[in-house]
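Labels below follow one simple rule: chain letters A, B, ... track the order of the sequence lines, proteins then strands, and each chain is numbered from 1.
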Number of protein chains: 2
Amino acid sequence: MPPSTPADAVRASSPTKPTAGGEERFQRSDLAQEVAFLTARARGRGNALANRLLADLDLKVRPFSVLAMACSGTNPSQRELGSFLDLDPSQVVALVDMLETRGAIRREADPRDRRSKILVATEAGHELYAQAVQRTREAEEQTLHALSPAERDQLRELLSRIVF
Amino acid sequence: MPPSTPADAVRASSPTKPTAGGEERFQRSDLAQEVAFLTARARGRGNALANRLLADLDLKVRPFSVLAMACSGTNPSQRELGSFLDLDPSQVVALVDMLETRGAIRREADPRDRRSKILVATEAGHELYAQAVQRTREAEEQTLHALSPAERDQLRELLSRIVF
DNA sequence: TGCTAATATTGAGAAAGTCAATGATTTGTC
DNA sequence: GACAAATCATTGACTTTCTCAATATTAGCA
């Protein structure tokens with residue numbers, strides 16, 4: 001995927017020529033110190049990159065996440081998946097429908113509760129996931145290129161503690 | 001604001017009663033180790049919380065961010081603001097229109113380029129921002145309550161390095 | 001048994017993101 | 001200095017995503 005805006009294109013194409021002053025000017029603003037701002041930016045750019053790399057598999061990160069859960073061996077119900085991924089139940093059915101139509105996952109009966117349906121990956125789903133994981137690993141590699149391995153672990157650990 | 005989904009309500013209301021098994025079951029999944037997943041979750045929940053706390057000012061985090069930039073003293077043009085906040089130019093005009101109608105910011109002529117317009121906060125805008133910052137500080141406090149001050153700085157620093 | 005709550009699903013409507021076209025203006029080149 | 005190409009803000013169309021309420025089925029409970 002090409003840079004999303006002309007402005008991005010400018011900045012991406014010539015790091016040596018700060019875009020009419022560059023954005024370093026804003027890095028000291030109060031906003032730029034807020035963790036909320038930093039996480040928003042990180043997720044926005046990480047998402048865009050991952051979507052680009054997943055495009056040749058006809059996947060985006062949202063369906064990829066659902067597939068990953070179905071491949072995890074944890075047998076989540078749709079509602080468990082929904083709360084884990086912060087998705088509305090109606091979004092879950094849309095995503096599951098798509099992946100099921102594609103033959104990547106299956107809805108199975110929950111033996112403990114006939115209202116709920118459990119998600120499992122098919123053979124093809126596991127293969128698709130294997131392909132997709134390579135892409136997302138590459139995306140993470142690029143996203144975190146400025147950090148050492150130890151720092152990456154540290155970041156993971158800190159983020160885990162604030163979201164769980 | 002009440003919890004956004006019935007599932008959230010369940011989890012939020014009784015941390016002692018893990019929702020039919022709880023989500024700890026999924027915390028060891030591959031997905032939960034991905035920084036992309038963690039940042040998405042962090043930004044999603046942080047955003048929701050901040051929006052809740054800003055609601056009484058009739059603000060959301062997006063317009064708040066624009067206001068913050070206008071109050072920063074850096075006099076950004078609309079396009080600079082757009083690339084800093086990862087917003088499409090058309091989204092910028094909508095946000096700026098709204099805040100200008102509200103009397104919080106003004107578009108001023110750019111002496112160096114008559115095509116571009118510079119954003120500055122009005123008196124009322126600065127007052128609104130002062131109110132809003134209290135809310136977002138509180139949101140950050142709640143979001144990061146599990147981290148020590150040193151760890152919060154560390155998180156900020158690591159995130160800064162991956163997004164700038 | 002009957003009452004309340006939870007699950008998946010549908011569908012409507014609002015919000016957010018994407019993209020192309022345009023007028024005014026600037027920049028680069030001859 | 002003139003001309004072509006690029007940039008900025010803006011508009012409008014369009015798609016995707018989010019949010020909510022309503023519903024049928026099933027569980028759990030008194």
Side-chain angles (χ1 to χ4, degrees), chain A residues 1-11 13-14 17 19-21 40 43-45 47-48 51-52 55 59-63 65-66 76-83 85-98 100 107-119, chain B residues 1-11 13-14 17 19-21 40 43-45 47-48 51-52 55 59-63 65-66 76-83 85-98 100 105-119:
Chain A
M1 181 177 120
S4 43
T5 70
D8 283 341
V10 168
R11 268 181 304 126
S13 62
S14 66
K17 180 204 170 197
T19 306
R43 97 99 203 188
R45 305 202 165 182
N47 236 251
N51 280 338
R52 253 178 282 161
L59 270 185
K60 295 191 175 186
V61 329
R62 217 49 96 97
S65 302
V66 174
S77 71
Q78 291 189 192
R79 105 148 231 300
E80 287 174 323
L81 181 136
S83 29
L85 300 182
D86 289 324
L87 295 172
D88 185 87
S90 64
Q91 294 179 277
V92 174
V93 330
L95 287 161
V96 169
D97 278 352
M98 164 200 286
E100 194 171 40
R107 284 182 237 238
E108 291 194 352
D110 183 339
R112 308 182 153 238
D113 187 340
R114 286 190 304 176
R115 288 171 303 180
S116 84
K117 301 175 183 173
I118 281 176
L119 303 176
Chain B
M1 181 177 123
S4 45
T5 72
D8 282 342
V10 169
R11 269 180 305 130
S13 62
S14 65
K17 179 202 170 197
T19 306
R43 100 96 205 191
R45 304 200 166 183
N47 236 250
N51 279 338
R52 253 178 282 162
L59 269 186
K60 295 190 175 188
V61 330
R62 228 23 112 68
S65 302
V66 174
S77 72
Q78 293 189 190
R79 103 143 236 301
E80 288 173 323
L81 181 136
S83 26
L85 300 182
D86 289 325
L87 295 172
D88 185 87
S90 64
Q91 295 178 278
V92 174
V93 329
L95 287 162
V96 169
D97 279 352
M98 165 200 287
E100 194 171 41
I105 69 179
R106 260 198 327 264
R107 284 180 236 239
E108 292 195 350
D110 183 342
R112 306 185 152 234
D113 186 338
R114 286 189 304 176
R115 289 170 302 177
S116 85
K117 302 175 184 174
I118 281 176
L119 303 176

- line: CG (Leu59(B)) and CE (Met98(B)) are apart, to the nearest 0.5 Å, by 9.0 Å
Give each protein N/O atom lying under 3.5 Å from an N/O atom of nucleotides 2-4 of chain D, with the pair distance.
none

- request: Let me know the distance between CD of Glu80(A) and C1' of dA8(C), rounded to the nearest Å.
  value: 14 Å
Arg114(A): partners by side-chain hydrogen bond (donor to acceptor under 3.5 Å, both in side chains), with sequence neighbours left out: none
message: Distance check, rounded to the nearest 0.5 Å: Asn47(B) atom CG versus Asp86(A) atom CG?
response: 11.5 Å
query: Taking five pairs at each end, how big is the angle between the two axes of the helix from dT1(C)-dA30(D) to dC30(C)-dG1(D), to 10°?
result: 40°
statement: Separation of dT9(C) atom C1' from Met98(A) atom CE, nearest Å, is 17 Å
message: Tell me the interatomic distance from Arg79(A), atom CZ, to dA5(C), atom P, rounded to whole angstroms.
response: 16 Å
query: When rounded to the nearest 0.5 angstrom, what distance separates OG in Ser83(A) from CG in Asp88(A)?
result: 11.5 Å
message: Measuring from atom CD of Gln78(A) to atom CG of Asp110(A), what distance do you get when rounded to the nearest 0.5 angstrom?
response: 11.0 Å
query: Taking only residues two or more places apart in sequence, or in another chain, which ones meet Arg115(A) in a side-chain hydrogen bond (donor to acceptor under 3.5 Å, both in side chains)?
result: Asp113(A)
task: Mark up nucleotides 24-30 of chain D, 5' to 3', with B wherever a protein heavy atom is under 4.0 angstrom from a base atom, S wherever such an atom reaches only the sugar-phosphate, and - elsewhere.
output: -BBS---
task: Write down the distance between CZ (Arg52(B)) and C1' (dC18(D)), rounded to a whole number of angstrom.
output: 16 Å
field: Between P of dT7(D) and CD of Gln78(B), the distance in whole Å
entry: 17 Å
query: Between Arg62(A) and Ile118(B), which is nearer to the 5' end of DNA chain D once each is assigned its nearest nucleotide?
result: Ile118(B)
query: Does the side chain to side chain contact (heavy atoms under 4.5 Å, CB included) test come out yes or no for Val96(B) and Lys117(B), once each step is laid out?
result: CA-CA 11 Å; Val96(B) 169; Lys117(B) 302 175 184 174; over 6 Å; no
statement: Heavy-atom closest pair (Pro111(B) atom, Ile118(B) atom, distance to 0.1 Å) is CD-CD1, 4.4 Å
- prompt: For Arg107(A), what residues pass the salt bridge (Lys or Arg N to Asp or Glu O under 4.0 Å) criterion, not counting sequence neighbours?
  reply: Asp97(A), Glu100(A)
field: Nearest-Å distance for atom pair CG/P, residues Leu87(B) and dT10(D)
entry: 14 Å
task: Decide side chain to side chain contact (heavy atoms under 4.5 Å, CB included) for Arg62(B) and Leu87(B); before the verdict, give the C-alpha distance in whole Å, the side-chain angles of both, and the deciding distance to 0.1 Å.
output: CA-CA 10 Å; Arg62(B) 228 23 112 68; Leu87(B) 295 172; 2.8 Å; yes
message: Could you work out, with side-chain hydrogen bond (donor to acceptor under 3.5 Å, both in side chains) as the rule, every residue matching Ser65(B), not counting sequence neighbours?
response: none
task: Round to a whole Å and report the spacing from CG of Asn47(B) to P of dA16(C).
output: 10 Å
statement: Readout for nucleotides 10-15 of chain C: B = base within 4.0 Å of protein heavy atom, S = sugar-phosphate only, - = neither; 5' to 3' it is BB----
- request: Please report, rounded to the nearest Å, how far the P atom of dG17(C) is from the CG atom of Asn51(A).
  value: 13 Å
